[in-house]
Amino acid sequence: MKPYLIALTAIITREALRFVRQRGRFVAALVRPLVWLIVFAAGFRAALGLSITPPYETYITYDTYIVPGLCGMIVLFNGMQSSLSLVYDREMGSMRLLLTSPLPRWWLLLCRLIASTTISALQVYTFLGLAAIYGVAFPALGYIAVFPALLVAGLMLGALGLALSSTISQLENFAGVMNFVIFPMFFLSSALYPLWKMAESSDLLHDICAVNPFTHAVELIRFALYGQMNLPALGWTCLAGAVLMALALWGYDPARGLLRRKG
């Protein structure tokens with residue numbers, strides 16, 4: 001058990017040091033959702049009315065609705081950013097060195113996921129603090145309850161990034177893949193609009209949003225911020241995470257995945 005804990009600690013420490021050195025990454029992770037909150041939400045505050053739907057017990061403003069979705073945005077973008085660093089590490093050789101250790105491959109990849117998810121949670125809590133200063137606050141219990149929701153959502157989205165990184169051999173190709181995945185996942189979800197609003201526009205659009213794993217991750221975070229558990233969202237997020245992690249392990253298997261093709 002001790003070697004497993006040593007590997008976990010070492011990987012988390014390495015990712016934390018890398019994150020601290022990349023201050024621009026932390027600032028960018030906060031600027032993006034803040035722009036959406038202050039500019040985008042302000043423009044829709046008067047135009048878009050939101051009815052009383054769980055977990056809300058009264059009518060809410062649009063900026064109150066959008067904050068959980070922006071928390072999901074932070075986790076999504078950080079998961080993809082972490083995967084980008086994986087592609088870089090593989091090109092530089094450090095990832096190959098890590099994967100040749102005697103520890104199981106699944107544990108090493110899981111440690112990487114835990115490290116990136118921990119950093120995502122830190123970014124989300126910083127954003128929630130800034131949102132509270134802006135005027136969008138949540139029940140005190142919600143700030144505690146949202147932590148496990150962030151972990152589940154972060155592991156699922158990080159597993160997505162791992163699965164994608166296992167299919168890409170060159171760093172230059174990853175940016176296009178990220179944009180192809182990130183933006184459809186974000187916009188075709190309940191991060192910006194509730195599903196019933198989507199249904200008013202198109203039943204097909206509603207169905208796409210309903211099966212999007214990111215939608216369930218956002219709803220898990222949304223309910224947790226109000227101290228509530230959304231069991232269907234938890235189940236679908238865990239299921240998606242398990243499938244994506246299995247794909248990532250397959251991709252990083254030297255007998256079948258990218259590592260063998262790279263020689």
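What you see below is based on every heavy atom in this structure, not just the backbone, and it leaves out hydrogens, waters and symmetry mates.
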Trainee: What is the distance from atom CG of Leu234 to atom CG of Asn230, rounded to the nearest 0.5 Å?
Mentor: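 These two atoms lie 8.5 Å from each other.
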
Trainee: Side-chain heavy atoms nearer than 4.5 Å, only ILVMFWY residues, links allowed to pass through others: does that put Ile38 and Ile60 together?
Mentor: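 Yes, Ile38 connects to Ile60 through the hydrophobic network.
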
Trainee: Donor-acceptor pair, distance only, cut-off 3.5 Å: does the side chain of Tyr226 make one with the backbone of Phe138?
Mentor: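 No; zero donor-acceptor contacts below 3.5 Å.
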
Trainee: Quick one, Phe223 and Met229 - any side-chain contact, counting heavy atoms below 4.5 Å?
Mentor: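 Counting from C-beta outward, Phe223 and Met229 never come under 4.5 Å.
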
Trainee: Just by distance, do the side chain of Tyr62 and the backbone of Leu192 share a donor-acceptor pair under 3.5 Å?
Mentor: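 Yes: the side chain of Tyr62 pairs with the backbone of Leu192.
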
Trainee: Is there side-chain contact between Met156 and Pro213, with at least one heavy-atom pair below 4.5 Å?
Mentor: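 They are in contact (side-chain heavy atoms under 4.5 Å apart), so the answer is yes.
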
Trainee: Is it the case that one hydrophobic cluster holds both Leu113 and Trp107, taking links as side-chain heavy atoms less than 4.5 Å apart, direct or via other members?
Mentor: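 Yes, one cluster joins them.
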
Trainee: Mind checking whether Trp36 and Leu188 sit in one hydrophobic cluster, side chains of I, L, V, M, F, W, Y counted as touching below 4.5 Å?
Mentor: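 Cluster IDs for Trp36 and Leu188 match.
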
Trainee: How many angstroms lie between CG in Asn212 and CE in Met185, if you round to the nearest 0.5 Å?
Mentor: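 That separation rounds to 4.5 Å.
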
Trainee: Can you check whether Leu130 reaches Leu37 side chain to side chain, under 4.5 Å on heavy atoms?
Mentor: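 A side-chain contact is absent here, since even the closest heavy-atom pair is not under 4.5 Å.
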
Trainee: Which distance, rounded to the nearest 0.5 Å, do you find between the CZ of Phe214 and the CD1 of Ile182?
Mentor: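 Between atom CZ of Phe214 and atom CD1 of Ile182 there are 9.5 Å.
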
Trainee: Are Phe77 and Phe186 near enough that their ring centres are under 6.0 Å apart?
Mentor: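 Not under 6.0 Å, so no.
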
Trainee: Just checking, Arg222 and Tyr65: is the charged tip under 6.0 Å from the six-membered ring centre and within 45° of the axis?
Mentor: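 Relative to the ring axis of Tyr65, which defines the angle, Arg222 lies inside both limits.
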
Trainee: Report the distance from atom CG of Leu160 to atom CG of Leu247, rounding to the nearest 0.5 Å.
Mentor: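 Rounded to the nearest 0.5 Å, the CG-CG separation comes out at 9.5 Å.
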
Trainee: Crowded around Phe187 CZ? As in, over 12 foreign heavy atoms under 6.0 Å?
Mentor: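 Above 12, so yes.
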
Trainee: Does any N or O in the side chain of Thr237 come within less than 3.5 Å of the main-chain N or O of Ala153, such that one atom is a donor and the other an acceptor?
Mentor: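 Flag not set: sc Thr237 to bb Ala153 has no pair under 3.5 Å.
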
Trainee: Hydrophobic clustering (ILVMFWY, side-chain heavy atoms < 4.5 Å, transitive) - are Val218 and Leu220 grouped together?
Mentor: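 Per the 4.5 Å side-chain linkage, Leu220 and Val218 are not co-clustered.
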
Trainee: Taking the side chain as everything from C-beta on, heavy atoms only, tell me whether Asp207 gets closer than 4.5 Å to Met198.
Mentor: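 No, side chains not in contact.
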
Trainee: Please test Phe127 against Val67 for side-chain contact (heavy atoms from CB on, under 4.5 Å), starting from the C-alpha separation and ending with a verdict.
Mentor: CA-CA 9 Å; Phe127 170 69; Val67 166; 4.0 Å; yes

Trainee: Going by heavy atoms in the side chains, are Tyr134 and Asp63 under 4.5 Å from each other?
Mentor: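 Yes - at least one pair of side-chain heavy atoms lies under 4.5 Å apart.
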
Trainee: Do Val146 and Tyr125 have side chains that get closer than 4.5 Å, going by heavy atoms?
Mentor: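 Sidechains of Tyr125 and Val146: in contact.
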
Trainee: Calculate, to the nearest 0.5 Å, the distance between atoms CE and OG belonging to Met80 and Ser116 respectively.
Mentor: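 These two atoms lie 9.5 Å from each other.
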
Trainee: Would you confirm whether His216, through its side chain, and Val211, through its main-chain N or O, come within 3.5 Å as a donor-acceptor pair?
Mentor: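 Not a single qualifying donor-acceptor pair exists.
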
Trainee: To the nearest 0.5 Å, tell me how far Ile74 CD1 sits from Leu122 CG.
Mentor: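 Going from CD1 on Ile74 over to CG on Leu122, the span is 10.0 Å.
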
Trainee: Given side chains that start at C-beta, do those of Leu8 and Ile114 come closer than 4.5 Å, heavy atoms only?
Mentor: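 Touching, per the 4.5 Å side-chain cut-off.
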
Trainee: Step by step, work out the side-chain hydrogen bond (donor to acceptor under 3.5 Å, both in side chains) result for Ser120 and Thr117.
Mentor: CA-CA 5 Å; Ser120 296; Thr117 301; 5.7 Å; no

Trainee: Hey, quick one: are Val136 and Leu70 part of the same hydrophobic cluster, counting side-chain heavy atoms closer than 4.5 Å, chains of contacts allowed?
Mentor: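 Result: yes, single cluster for both.
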
